[in-house]
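Contents: one structure, followed by commentary.
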Amino acid sequence: MSREVVIEVDDLRMRYGTTEVLRGVTFRAHRGEVLAMLGPNGAGKTTTIEILEGFRTRSGGRVDVLGADPARGGEAWRARVGIVLQSWRDHGKWRVGELLAHLGSYYPRPWDPAELITAVGLAEHAGRKVRTLSGGQRRRLDVAIGMVGRPELLFLDEPTTGFDPEARREFHELVLGLSRTEGTTIMLTTHDLAEAEKLADRIVILDGGRIVADGTASELAERIAGEDEVAWTLGGRRHVRSTRDATRFVRALFEEHGDAVEALAVRPSSLEDTYLSLVRRAEETV
Amino acid sequence: MRTVRRGLARGLIELRQAFSGSELVSQLLWPVLTLVAVFFYRDREFRHTGIRLGGLVLPGVLGMFVALGMVLVIQYLTVEREDGTLLRARATPHGIRAYFLGKLVTTSGCVVAYLAILLVPGAFMVDGLRLGSASSWFTLAWVLLLGLVATQSAGAALGALVSSPRAAGLITLPVMAVISVSGVFYPVTALPGWLQDVAQVFPVYWLGLGMRSALLPDAMATVELHQSWRHLETFGVLGAWAVAGLVLAPVVLRRMARRESGARVAAYREKALQRIG
């Protein structure tokens with residue numbers, strides 16, 4: 001892969017007092033890529049992304065975002081980075097269109113507010129006050145605000161926390177659409193594996209302050225042999241067993257019991273199992 | 001220059017929001033109540049001097065409303081740090097500076113609007129205001145300008161140090177205490193000497209004095225301390241507050257803004273929701 005590197009993190013460390021939250025995090029993101037940082041709660045995802053956003057000062061290691069150290073990124077650097085914040089009730093009295101037009105005025109080549117509002121599906125709400133929007137509509141506005149300056153790189157921290165499945169699906173389509181049409185590099189964090197699998201070109205798994213895996217969804221599933229699940233009925237009783245080699249296990253099963261084996265089902269290891277076993281393994285070695 | 005324009009745009013948009021729809025009622029509440037109070041004791045006499053209180057109180061009240069800009073700034077800063085407005089500004093290029101500038105524009109606009117609400121009907125209620133001369137408007141202008149800078153920069157510095165909107169509520173108590181000894185509603189000469197000294201440390205007394213000197217005939221200066229309008233001292237004290245505020249505020253504000261992050265806003269939110277739920 002010879003594509004330009006947009007984020008380069010090398011041996012990133014973060015300590016709060018005596019607690020080490022990040023213990024040598026290393027990964028890269030390339031231009032145009034959607035990168036998901038996946039990990040259980042408390043893994044250090046938010047800390048990592050806030051260091052990359054320039055909101056937090058790291059304890060050690062090297063970080064390069066769009067060719068600059070975020071801790072010293074100036075206003076010109078800031079204009080190239082979009083951040084989707086989880087809004088709560090800020091700018092509640094502003095009208096949707098008014099807020100986007102105002103925030104756009106800080107950037108050299110902003111989106112046309114009306115066009116952007118349509119792109120995130122808020123066209124009929126442009127004249128409404130922000131505080132009257134529903135939760136899902138507010139998050140669309142958050143994305144629009146993150147995008148308003150046509151950033152080269154967009155950060156999303158746990159973007160769909162608290163969404164119902166329908167809102168989540170719509171949100172995923174919105175993000176994928178923007179990444180495709182604008183070619184924006186996107187880095188998001190999530191603890192939801194299905195979300196990472198759906199959105200990301202590449203996944204890095206953060207656990208216990210370290211990157212424990214890095215690759216595409218299928219690479220990850222392949223690299224770490226998960227355990228398949230075999231289920232069968234014998235003499236009216238249901239059995240379930242996990243095994244690394246389902247083929248051999250099933251052959252042995254038939255050799256022993258022959259036709260007495262009924263209702264056989266083999267469920268190959270999913271990325272979810274892989275993720276869980278990875279996290280478990282990483283926690284054991286700590 | 002662009003930052004100034006954006007800050008101005010921000011300030012004017014929020015000023016319009018502050019005076020539209022249901023907001024208007026709460027904006028008008030205090031100025032109107034104050035006018036009612038002035039109306040009822042406008043004809044009472046101060047210590048058999050023949051001077052009626054209405055004329056003394058109205059300019060003092062104008063000074064007080066300028067000083068209340070400080071409370072407004074503290075409230076804005078603490079509320080908008082908690083609700084994530086400040087973090088949004090931080091995520092935007094040149095956003096923090098435009099944000100603060102906008103806040104000063106909004107607050108100053110509110111203060112000037114209060115003054116108009118008080119002065120226009122007040123001028124018909126109270127006799128003896130000197131509204132026709134250019135010199136009164138000149139004095140009013142410099143006292144107002146210096147007062148806005150002094151109280152709001154001090155407010156911004158304080159607001160950065162106060163941890164939450166609840167704590168900001170507590171800060172209004174000492175402010176009210178200072179106002180009550182500052183000779184707004186009754187001449188400060190009626191107070192014991194040590195309280196007069198306390199009052200003269202804070203801007204409220206000087207703002208009131210400056211407004212009286214602008215709007216009242218010179219003969220009325222006899223009611224004041226040292227029987228003088230003390231313009232030089234007014235300029236000195238308000239100027240000192242302004243300089244201290246302008247030096248201190250950017251330092252503490254920058255420190256405050258640097259600490260904000262998504263995780264912090266999420267934590268504020270959690271805390272606030274727990275309190276409600």
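Per chain, numbering begins at 1; letters A, B, ... match sequence-line order. Below, all heavy atoms of this structure are taken into account, side chains as well, without hydrogens, waters or symmetry copies.
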Chain B contact via [X] - side chain, backbone, both or neither, heavy atoms under 4.5 Å:
X      : result
A/I49  : neither
A/T46  : side chain
A/E53  : neither
A/H102 : side chain
A/W94  : both

Residue pair B/V4 / B/L101: nearest heavy atoms and the distance that separates them
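For B/V4 and B/L101, the tightest heavy-atom pair comes out as CA-CD2, 3.5 Å.
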
Does a donor on one side chain sit under 3.5 Å from an acceptor on the other, for [X] and [Y]?
X      : Y      : result
A/H125 : A/R128 : yes
B/Q152 : B/S108 : yes
A/T190 : A/E195 : yes

Salt-bridge test for [X] and [Y]: reply yes if a basic N is under 4.0 Å from a carboxylate O, no otherwise.
X      : Y      : result
A/R23  : A/D11  : no
A/K93  : B/E14  : no
A/R168 : A/D192 : yes

I'd like to check A/L156 versus A/M187 (side-chain heavy atoms, cut-off strictly below 4.5 Å). Are they in contact?
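A/L156 does not reach A/M187 side chain to side chain.
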
Quick one, A/M147 and A/L154 - any side-chain contact, counting heavy atoms below 4.5 Å?
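Side-chain contact under 4.5 Å: yes.
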
A/V65 and side chain to side chain contact (heavy atoms under 4.5 Å, CB included): which partner among A/L153, A/I51, A/V6?
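It is A/L153, the one option of A/L153, A/I51, A/V6 that forms the side chain to side chain contact (heavy atoms under 4.5 Å, CB included) with A/V65.
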
Name the member of A/E98, A/R56, A/K129 that forms the most heavy-atom pairs with chain B at distances under 4.5 Å.
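It is A/E98.
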
Among A/S105, A/G146, A/G82, A/G149, single out the residue with the greatest number of heavy-atom pairs under 4.5 Å to chain B.
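Highest number of heavy-atom pairs under 4.5 Å: A/S105.
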
Can you check whether anything in residues 254-261 of chain B gets within less than 4.5 Å of chain A, heavy-atom wise, and list it by number?
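Within residues 254-261 of chain B, near chain A: B/R258, B/E260, B/S261.
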
What parts of residues 63-89 of chain B touch chain A if we use heavy atoms and a cut-off under 4.5 Å?
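Listed by number, the contacting residues are B/E82, B/D83, B/G84, B/T85, B/L87, B/R88.
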
Could you tell me whether a side-chain N or O of A/K45 sits under 3.5 Å from a main-chain N or O of A/G39, the two making a donor and an acceptor?
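Judged by distance alone, yes, a pair lies under 3.5 Å.
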
Test your reading of the model: is there a side-chain donor-acceptor pair from A/R95 to the backbone of A/G127, 3.5 Å cut-off?
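Checked: pair present.
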
Name the member of B/A91, B/A9, B/A266, B/A98 that forms the most heavy-atom pairs with chain A at distances under 4.5 Å.
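If we count pairs closer than 4.5 Å to chain A, B/A91 comes out on top.
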
B/R264, B/R16, B/E23, B/R10: which one forms the most heavy-atom pairs within less than 4.5 Å of chain A?
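Option with the top pair count is B/R10.
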
Do the numbers put B/R6 on top of the ring of A/Y106, so that NZ or CZ is under 6.0 Å from the six-membered ring centre and no more than 45° off the axis?
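Positive - B/R6 is close enough to the ring of A/Y106 and near enough to its axis.
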
Check the pair A/D90, A/R131 against salt bridge (charged side-chain N to carboxylate O under 4.0 Å, His left out), reporting the backbone distance first and the verdict last.
CA-CA 8 Å; A/D90 65 285; A/R131 67 170 162 216; over 6 Å; no

